[in-house]
*Asks:* 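Here it is, the structure, as structure tokens.
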Amino acid sequence: MDRFYVTTPIYYVNDEPHIGHAFTTLNADAVARWHRMLGEDVFFLTGTDEHGLKIQRAAEENGLSPLEQADRTSVRFKEAWRSLNISNDDFIRTTEPRHHVAVQQLLQRCYDNGYIERGTYEGSYCVSCEAYYTDDELGEDRTCPIHKRPVEHMVEDNYFFKLSAFEDRLTDWLTNSPDAITPDGYRKEALGLIRQGLEDISISRTSIDWGVPVPWDDGHVFYVWYDALINYATAVGFGSDDARFEQWWPATHHMLGKDILRFHCVYWPAMLLAAGIEDLPTYHVHGFLLVSGEKMSKTSFNKISPTAMVEEFGVDGFRYALLRDHSFGPDSDFSYESMLSRYNSDLANTFGNLLQRVTTIVGKKCGGVAPAPRVDSPVADKAATAIAETIAGWAKFQAASGLDATWRLAREANELLSETEPWKLEPGPEVDAILGDALEALRIVALLGAPAMPEAMAAAWARLGLPGRPEEQRIADAAVWGQYPGGVTLPEGEPLFPRLKAT
RNA sequence: GGCGACGUAGCUCAGUUGGUGAGAGCGCUCGACUCAUAAUCGAGAGGUCGGGAGUUCAAAUCUCCCCGUCGCUACCA
């Protein structure tokens, strides 16, 4: 069976879950669900990143141990993902013992292979950034350009990773693997970063102890970034179950935002190569969600809470609107108004209303018993096109274009009804044929829409009188025109997606 | 400065390797219908595809220049 391993970044627990995190996680979830419906063996990972100075300091301020501090915030992500119905198979925390083992083994291998060396680093350090700055980067009065606070002069012994040794291999990889990073613009960007030259990077700290200890030198812990990336390997058995790791690793797909492209697409593959792991991941990079054209960041106040959106639109309404409105790749503008518009037009009007009117006509003209579709329906070809384009969209990790193609079929069904006006006809074969076709279109939309809206499409499935859930179907078998069985009595019900007014 | 991305109808965007008259959804105008969640369907208005030059029988699509917006150029999620 084909395997499919998909990850989100692990989110830093110093932050609250916001809609940017939700966007990445939701896309990964929908893709994971789609691949399960393709019949693949899927492993979907998310988690939290819990080491580093910021956590240590936050813990001190709150009178907690660092782990207690991390516990408190990690759980917020778990809760957020539960409220969004995220189907992750694992939730990794970098503070777990399994992760420490994996980090130590992977970096020990790099060390043994000669790619980690001891050195010293000295410079101006911003505590908030956990980063050093060069003099020309500092603001007035030697302040951090981000936080506008004074930097500290620090000197420390460090271990350095010989990133510079990997320029050629990384360039070859990205040149010879055109699909290594999608959309393609981000592959070019990664190549550009490499072309500008790679310098060795410091990967350990002596100034703090909240991290994974360097196995060959007690006084050091690994810098948070270089333990964090390794989580992807940990979760599929690196360091604990080699057979499992070898099964899953070649099927790795990382989904991430463009802000962390450098770490994921340059540093991480270099670390893997240094450890002797030749299979490199495939990457799917997205842009930022903007609010009124402004970048959302954790320091800005215009963050939008996913929880609030769920209360407004329902889990699946929010999931659909977010996935459908923001293609995976470019930056795009997020607004409440556009989300409301998308919900009403696609879910309440096009789909929900279609289900409602078809059900009603079946009640009036067919005694409530659903007819079967025509094999040679005029809608069949259009359905085949919509299905093919939906499959193509999801294959490219483009939920938005997949959903767009799916919804064209719902519009086709509405057009069919307007053209044939079955409510004016006497009961009989003609009415049955039209309504059977409409029901079949609804079945296919519910099937293909399930990765985006698992519960709502399951509800629609039930309203169509179908057994089980759409997610239990296999796309290759079920996404073929003509399978709606007919003969079942359709249950009545309230509108699936009530039309919403602006608040 | 260097690297990169983007700039297509009012809005959000599609437009594969250049080739039938430039598209979709939403919004708007008009009309139809009344089975349906003031939903649905049809028609229409609206674009010198940022500007200029060039290559070509032919360019939104290739080359160069310019303008505008933004990102990266950080050992920061």
Side-chain angles (χ1 to χ4, degrees), chain A residues 9-15 20-21 48-49 52-54 121 123 125-134 137 144-147 158 160-161 163 183 185-186 188-197 199-205 223-226 228 256-263 267 287-288 290 293 295 297-299 324-327 329-333 335 337-338 341-342 344-365 400-401 404 407-408 411 413-419 421-425 435 438 494-500:
Chain A
I10 49 172
Y11 303 110
Y12 202 54
V13 291
N14 202 34
D15 203 359
H21 299 121
T48 44
D49 181 11
L53 186 55
K54 273 183 274 194
Y121 196 89
Y125 185 83
C126 171
V127 173
S128 295
C129 296
E130 287 183 41
Y132 285 94
Y133 289 97
T134 57
E137 289 170 334
C144 164
I146 306 287
H147 296 86
N158 275 182
F160 283 78
F161 175 68
L163 180 65
Y186 292 112
K188 290 180 188 160
E189 196 151 329
L191 276 168
L193 291 173
I194 296 164
R195 198 181 318 119
Q196 288 173 46
E199 295 185 4
D200 296 342
I201 45 181
S202 160
I203 61 167
S204 75
R205 294 289 130 95
Y223 179 58
V224 57
W225 257 109
Y226 302 97
L256 58 138
K258 67 179 185 180
D259 51 332
I260 49 178
L261 179 138
R262 167 186 295 270
F263 290 91
Y267 297 174
F288 294 134
L290 308 174
K295 178 186 171 184
S297 72
K298 65 183 167 192
T299 50
R324 171 65 187 83
D325 254 353
H326 306 281
S327 70
D331 290 354
S332 63
D333 223 41
S335 74
E337 290 74 17
S338 62
S341 164
R342 180 62 72 184
N344 278 333
S345 69
D346 283 15
L347 299 183
N349 298 352
T350 302
F351 181 80
N353 182 57
L354 173 66
L355 175 62
Q356 206 71 11
R357 67 197 296 213
V358 169
T359 305
T360 301
I361 305 171
V362 168
K364 290 182 178 176
K365 299 290 180 182
S401 82
D404 179 45
W407 250 249
R408 260 180 265 151
R411 281 188 230 108
N414 277 318
E415 288 173 27
L416 174 73
L417 295 179
S418 289
E419 285 167 10
E421 302 184 314
W423 52 89
K424 287 184 176 175
L425 303 174
L435 294 176
E494 293 299 305
L496 217 51
F497 298 102
R499 190 175 170 82
L500 297 175

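Here is the naming used below: chain letters follow the sequence lines, and residue numbers restart at 1 for every chain. As a basis for the values below, the full set of heavy atoms in this structure was taken, side chains included, without hydrogen atoms, waters or symmetry mates.
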*Asks:* Just checking A/F497: base, sugar-phosphate only, or nothing, at a heavy-atom cut-off of under 4.0 Å?
*Replies:* base
*Asks:* Report the nucleotide, chosen from B/C26, B/C72, B/A36, that has the shortest atom-to-atom distance to any side-chain atom of A/R262.
*Replies:* B/C72
*Asks:* State whether A/R499 places a side-chain N or O below 4.0 Å from either non-bridging phosphate oxygen (OP1 or OP2) of B/A39.
*Replies:* yes
*Asks:* Roughly how far, to the nearest 0.5 Å, is the NZ atom of A/K365 from the NZ atom of A/K424?
*Replies:* 11.0 Å
*Asks:* I'd like the C1' distance from B/G10 over to B/C76, given in whole Å.
*Replies:* 40 Å
*Asks:* Looking at A/N349, I'd like to know whether one of its side-chain N or O atoms comes within less than 4.0 Å of OP1 or OP2 on B/U40.
*Replies:* yes
*Asks:* Check the orientation of A/Y223 and A/Y226. Use parallel for under 30°, tilted for 30 to 60°, and perpendicular for over 60°.
*Replies:* tilted
*Asks:* When we call it a touch if two heavy atoms are under 4.0 Å apart, what does A/G352 touch: a base, just sugar-phosphate, or nothing?
*Replies:* base
*Asks:* Output the single nucleotide from B/G25, B/U40, B/C26 whose closest atom is nearest the side chain of A/R342.
*Replies:* B/G25
*Asks:* For A/S202, answer base if it contacts any base atom (sugar-phosphate contacts may also be present), sugar-phosphate if it contacts only those atoms, and nothing otherwise; contact means non-hydrogen atoms under 4.0 Å.
*Replies:* base
*Asks:* When we call it a touch if two heavy atoms are under 4.0 Å apart, what does A/L496 touch: a base, just sugar-phosphate, or nothing?
*Replies:* base
*Asks:* With under 30° as parallel and over 60° as perpendicular, where do the rings of A/Y11 and A/H21 fit, or are they tilted in between?
*Replies:* perpendicular
*Asks:* In whole Å, what separates the P atom of B/G50 from that of B/U16?
*Replies:* 14 Å
*Asks:* Consider the side chain of A/S418, meaning its heavy atoms from C-beta on, and name the nucleotide among B/G4, B/U40, B/A14 that approaches it most closely.
*Replies:* B/U40
*Asks:* Say we look at B/A43 and B/G23: how far apart would their P atoms be, to the nearest angstrom?
*Replies:* 14 Å
*Asks:* How far does the C1' atom of B/G25 sit from the matching atom of B/G46, given to the nearest Å?
*Replies:* 16 Å
*Asks:* So what does A/F161 hit on the nucleic acid, given a heavy-atom distance under 4.0 Å: a base, only sugar-phosphate, or nothing?
*Replies:* nothing
*Asks:* For A/K424, answer base if it contacts any base atom (sugar-phosphate contacts may also be present), sugar-phosphate if it contacts only those atoms, and nothing otherwise; contact means non-hydrogen atoms under 4.0 Å.
*Replies:* sugar-phosphate
*Asks:* Looking at every strand, decide which applies to A/R408 at a 4.0 Å heavy-atom threshold: base, sugar-phosphate, or nothing.
*Replies:* nothing
*Asks:* To the nearest 0.5 Å, what is the distance between CD1 on A/I260 and NZ on A/K258?
*Replies:* 12.5 Å
*Asks:* Between B/A36, B/C3, B/G42, which nucleotide gets closest to the side-chain atoms of A/R195?
*Replies:* B/C3
*Asks:* With a non-hydrogen cut-off below 4.0 angstrom, is A/Q196 in contact with a base, only sugar-phosphate, or nothing?
*Replies:* base
*Asks:* Checking A/R357 against A/N414: is there a side-chain donor and acceptor pair closer than 3.5 Å?
*Replies:* yes
*Asks:* Counting only side-chain heavy atoms from C-beta out, which of B/C35, B/A39, B/C26 sits nearest to A/W423?
*Replies:* B/C35
*Asks:* From the set B/G42, B/C26, B/U37, return the single nucleotide nearest to any side-chain atom of A/P495.
*Replies:* B/U37
*Asks:* Between B/G7 and B/G52, how far apart are the C1' atoms? Round to whole Å, please.
*Replies:* 16 Å
*Asks:* The side chain of A/R411 lies closest to which of these nucleotides: B/C41, B/A5, B/A36?
*Replies:* B/C41
*Asks:* Among B/A14, B/G4, B/A36, which is the nearest nucleotide to the side chain of A/S327?
*Replies:* B/A14
*Asks:* Select one nucleotide: of B/A5, B/C33, B/U40, the one nearest the side-chain heavy atoms of A/K188.
*Replies:* B/A5
*Asks:* Suppose you measure atom P in B/G31 against the same atom in B/A24; what distance do you get, rounded to whole Å?
*Replies:* 23 Å
